[in-house]
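Numbering of ligands and ligand atoms starts at 1, following listing order.
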Amino acid sequence: MATATSTVKALILRAPGTNCDQETGFAFETAGGHCDYVHINELVERPAMMNDYQILCLPGGFSYGDDIAAGRILASQMESRLFDAISSFRDAGKLILGICNGFQILIKSGFLLPKDEQGLPATLTWNDSGRFIDRWVELKANSNRCVFLRDVEQIYLPIAHAEGKFVARDQAVIDSLQANDQIALSYIQGSQSESIAANPNGSTLDLAGLCDDTGRIFGLMPHPERHIDPTHHPRWTREGLAESGDGLAIFENAIRYFA
Ligand SMILES: NC(=O)CC[C@H](N)C(=O)O
């Protein structure tokens, strides 16, 4: 495990259709880490390379063209080809972050919420509008468990997805997520003008991000890597420059975790 003097390394996983890898790498490097971009086929061939990293990140995009359902194919590859490697990575106390398509992959592979005899306890499906939605949202962090959200209260980030509606199998799943403090990030009701829904996709409990029961695996639909520099804010010329973009804290928390 890294010490305060060594550089924390993130493995950014790529697949055909990934398109947010470079921005995500920029975010980790701005936060003080180092990252490498690794194609899924390379990782399947040499899963032991994960030992060199402290963070595994699944960036956003359209892996395999969203065929079948967003994230479904890469999720199956992770489950069938990398289950042992990723489980050992998690059990070694390391961190896993899934952003947008990455969140879809983490949930559909069962790494965020393990499958039980009935299958996946929850999934992400089509937005209520049936459309791809691209805009900014106000979010509140709710979880003391999630390592990535330490000292984060409210953040403003962009979303860009078609399949971001969180649905749980039944009330028992929701109750257990709430009891375990896993509903990490949610859309803030009342934060938008009347004509725009604060919850852009109809997600249950306004959920925008979820962590596993260790707090070290985190998936979120919004894109923190798109709000790193203060000039990424859509109104910075009118409202003035903040010290840093709201998304940076998520990457800094990940790096700091190993310091
Ligand atoms: N920005 C993204 O990662 C998009 C995720 C996915 N392709 C969707 O549209 O739902």
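Under the side chain to side chain donor-acceptor pair (under 3.5 Å) criterion, the residue pairs touching residues 172-187 are N142-S186, Q171-D175, N180-Q182, Y187-N201, with sequence neighbours excluded. For residues 64-109, the pairs satisfying ring pair (Phe, Tyr, Trp, His ring centres under 6.0 Å) are F83-F111, with sequence neighbours left out.
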Run through all N or O atoms in ligand 1 and write down each protein N or O closer than 3.5 Å, as a pair with its distance.
| from | atom 1 | to | atom 2 | distance (Å) |
| --- | --- | --- | --- | --- |
| ligand 1 | 1 (N) | A160 | O | 2.8 |
| ligand 1 | 1 (N) | H223 | NE2 | 3.0 |
| ligand 1 | 3 (O) | G61 | N | 2.8 |
| ligand 1 | 3 (O) | G61 | O | 3.4 |
| ligand 1 | 3 (O) | N101 | N | 3.1 |
| ligand 1 | 7 (N) | G61 | O | 3.0 |
| ligand 1 | 7 (N) | D66 | OD1 | 3.1 |
| ligand 1 | 7 (N) | D66 | OD2 | 2.7 |
| ligand 1 | 9 (O) | A162 | N | 3.0 |
| ligand 1 | 10 (O) | Q104 | NE2 | 3.0 |
| ligand 1 | 10 (O) | A162 | N | 3.0 |
| ligand 1 | 10 (O) | E163 | N | 2.9 |

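Residue K165 is tested with N199, T125, N127, D128 for a side-chain hydrogen bond (donor to acceptor under 3.5 Å, both in side chains); the sole match is D128.
Checked for salt-bridge contact, E79 and K108 miss the test: no charged N lies under 4.0 Å from a carboxylate O.
Residues H227 and D229 bring no donor and acceptor atom of their side chains to less than 3.5 Å of each other.
Take Q189 and apply the side-chain hydrogen bond (donor to acceptor under 3.5 Å, both in side chains) test, not counting sequence neighbours, and it matches D206.
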